[in-house]
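What follows is one structure encoded as structure tokens, with my remarks underneath.
Bear in mind that the values here come from a model prediction, so they are computed numbers and not experimental data. Every chain is numbered from 1 and lettered A, B, ... according to where its sequence line falls, protein lines coming before strand lines.
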Protein chains: 2
Amino acid sequence: MIKFELMTNYSSDTEGKILEAAKKVFIEKGLEGTRMQEIANEAKINKALLHYYYRTKEKLFNAVFQFAITRFIPHIEGIFNSDKNFFEILEAIIEQYITLISKNPFIPIFVLHEINRHPDRLADIIKSAGIQPKILIEKIEKEVEKGTIRPVSALNLIVNIISLCVFPFAARPLIQRLLFDNDKHAYTTFIQSRKTEVTSFIINAIKI
Amino acid sequence: MIKFELMTNYSSDTEGKILEAAKKVFIEKGLEGTRMQEIANEAKINKALLHYYYRTKEKLFNAVFQFAITRFIPHIEGIFNSDKNFFEILEAIIEQYITLISKNPFIPIFVLHEINRHPDRLADIIKSAGIQPKILIEKIEKEVEKGTIRPVSALNLIVNIISLCVFPFAARPLIQRLLFDNDKHAYTTFIQSRKTEVTSFIINAIKI
DNA sequence: ATTTAGTTTAACCAAACGGTTAAAATTAAA
DNA sequence: TTTAATTTTAACCGTTTGGTTAAACTAAAT
């Protein structure tokens, strides 16, 4: 809830408890699959208290969605501002990406579904997340010119990287059941192995 | 609606109209985002008529979901039973896959979201779709033994193929907006180009 | 001790929802 | 033309849903 900074606040961390409960339920069930009562139960508070802190379901959802975006888009500026060569940059991006999603494995399907339902939400995302595909595009094109890598289309390569990192999370139940006989541990081990597997797969695909 | 085969049927194709309307709405909005009234409007019939043909929302949804599965999983038996070599098989699978999803581009996010909500639905899927990953796994492992391709993990390769084919559809609004300035035509052209791009990407990644 | 502001609750509300019912309309057969 | 079966409709119903209200409670400031 928006407050003046000097305003007294003698509640326990109810607002935080609500947001945590909302994250859990919304990310699992989506906007339309979520009941305000369930969030209240999860936070162990009265339902009216939800509306006291976040006036509407939509406002509470927006808070969760904005959080989800930060766990969906990796920040790769730091990687670019290092003395890594292109292959090392790729390796770092992929490892960071899979690590990020591993910490919140239900985020991809949640974000993709909600964007699909209301593509207009993208406007906020682009502002708040400050995504810059240009940097990566130009880097790839420069490497192609230099002859370090095959003449691949930059956009295709970017989409390939994201696909290989994100899709296995969005398709978790399918993959776990069909390829790992519903063995949860086998699936998570597989995901972790992909940090190196995906990296070498991509590098083999583009190196001369 | 289930009927005895000899039973007279003097309606126009109301049942078909309902199913088509249900496909459109359910696949766009998901089970929980769909209102029975909206399906009735789409089919230009009375809402009670929905319940006359498909007794409950869930039964109607199941009909749509089962259809969606057939448009999500490609049938690759024919490709295997040809005299193609491994790379030609890969090429055929990828082209068939992207072509299949192109015809129903909203199916992936719909299916993935609904499976995520209710993983138990997978039981029906596996039965009705008769998926056989073993065939592909054994084929890949045999090629590795023969030395035709690098020693890649079969499961990783399979997940990579599916990821590269399916993810760009699930992430359409993101990709179209971020990489193609919301140009619909540029996006669809890009998708079509991937039939060959993904094929050569994968072949480069695994060939010796 | 009283006032003031912020917090929490129980009870309530109107709208929307999936689903039902009984009657009317249509169709094909007798 | 009557009959029987199927199809379609309008009106209705109980429940669930997001949201409100007014009162009770708590804690700090005067």
Side-chain angles (χ1 to χ4, degrees), chain A residues 1-65 110 113-114 117-118 121, chain B residues 1-65 114 117-118 121:
Chain A
M1 183 173 212
I2 298 160
K3 287 182 187 169
F4 295 100
E5 291 195 30
L6 294 180
M7 199 178 266
T8 331
N9 183 354
Y10 20 91
S11 94
S12 57
D13 189 25
T14 309
E15 193 177 339
K17 269 166 54 188
I18 291 174
L19 189 59
E20 285 309 306
K23 279 184 198 171
K24 185 174 173 186
V25 183
F26 272 132
I27 290 173
E28 184 192 337
K29 308 198 167 180
L31 172 60
E32 291 161 319
T34 292
R35 301 290 95 100
M36 291 297 268
Q37 184 61 58
E38 193 177 349
I39 296 176
N41 294 343
E42 183 72 34
K44 285 165 188 162
I45 54 152
N46 191 289
K47 186 179 65 133
L49 204 49
L50 288 181
H51 291 91
Y52 175 75
Y53 282 96
Y54 298 87
R55 278 207 296 278
T56 65
K57 186 186 187 185
E58 206 194 331
K59 279 183 168 45
L60 180 53
F61 173 82
N62 283 339
V64 172
F65 189 67
F110 168 70
H113 176 253
E114 295 299 337
R117 287 289 288 119
H118 299 285
R121 286 200 233 279
Chain B
M1 184 171 212
I2 297 159
K3 287 181 187 171
F4 296 100
E5 292 195 29
L6 294 179
M7 199 178 266
T8 331
N9 183 353
Y10 14 94
S11 93
S12 57
D13 188 25
T14 308
E15 194 176 338
K17 269 166 53 187
I18 290 175
L19 190 59
E20 286 308 306
K23 278 183 198 171
K24 185 173 173 186
V25 182
F26 272 133
I27 290 173
E28 185 192 336
K29 308 198 167 181
L31 172 59
E32 292 162 318
T34 292
R35 300 291 95 99
M36 292 297 268
Q37 184 61 59
E38 192 177 350
I39 296 176
N41 293 344
E42 183 72 34
K44 284 164 188 162
I45 55 154
N46 191 290
K47 187 180 64 138
L49 204 50
L50 288 181
H51 291 91
Y52 174 75
Y53 281 98
Y54 299 86
R55 277 207 296 281
T56 65
K57 186 185 186 185
E58 205 194 332
K59 279 184 168 45
L60 181 53
F61 174 81
N62 284 339
V64 172
F65 189 67
E114 294 300 337
R117 287 290 286 123
H118 300 285
R121 287 200 233 277

Starting at [atom1] of [X] and ending at [atom2] of [N], how long is that distance when rounded to a whole Å?
{"X": "B/His51", "N": "D/dA10", "atom1": "NE2", "atom2": "P", "value": "16 Å"}
{"X": "B/Tyr54", "N": "D/dT7", "atom1": "OH", "atom2": "C1'", "value": "15 Å"}
{"X": "B/Phe61", "N": "C/dG18", "atom1": "CZ", "atom2": "C1'", "value": "16 Å"}
{"X": "B/Lys59", "N": "C/dT20", "atom1": "NZ", "atom2": "C1'", "value": "15 Å"}
{"X": "B/Leu49", "N": "D/dT6", "atom1": "CG", "atom2": "C1'", "value": "11 Å"}
{"X": "B/Lys47", "N": "D/dA10", "atom1": "NZ", "atom2": "P", "value": "13 Å"}
{"X": "B/Asp13", "N": "D/dT7", "atom1": "CG", "atom2": "C1'", "value": "14 Å"}
{"X": "B/Leu50", "N": "C/dG18", "atom1": "CG", "atom2": "P", "value": "10 Å"}

Do the non-hydrogen side-chain atoms of [X] and [Y] ever get within less than 4.5 Å of each other?
{"X": "A/Lys47", "Y": "A/Ile39", "result": "no"}
{"X": "B/Lys17", "Y": "B/Ile45", "result": "yes"}
{"X": "B/Lys59", "Y": "B/Thr56", "result": "yes"}

Please tell me if [X] has a side-chain N or O lying less than 4.0 Å from either OP1 or OP2 of [N].
{"X": "A/Tyr52", "N": "D/dG19", "value": "no"}
{"X": "A/Thr56", "N": "D/dG18", "value": "no"}
{"X": "A/Thr14", "N": "C/dT7", "value": "no"}

Is a donor-acceptor pair below 3.5 Å formed from side chain B/Lys57 to base C/dG19, judging by atom type as modelled?
->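 Absent.
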Write down the atom of A/Arg35, the atom of A/Glu32, and the distance for their closest heavy-atom approach.
->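 That would be NH2-O, 2.5 Å.
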Contacting residues from residues 35-44 of chain B, given that a heavy atom lies under 4.0 angstrom of DNA chain C =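 By residue number: B/Arg35, B/Met36.
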Is there a donor-acceptor pair closer than 3.5 Å between any side-chain N or O of B/Glu114 and the backbone N or O of B/Leu31?
->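 Between the backbone of B/Leu31 and the side chain of B/Glu114 there is a qualifying donor-acceptor contact (under 3.5 Å).
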Donor-acceptor pair, A/Lys29 side chain versus A/Lys24 backbone, under 3.5 Å?
->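 No.
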Out of B/Leu60, B/Thr14, B/Leu19, which one pairs with B/Tyr53 under the side-chain contact (heavy atoms from CB on, under 4.5 Å) rule?
->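 Only match with B/Tyr53 under side-chain contact (heavy atoms from CB on, under 4.5 Å): B/Thr14.
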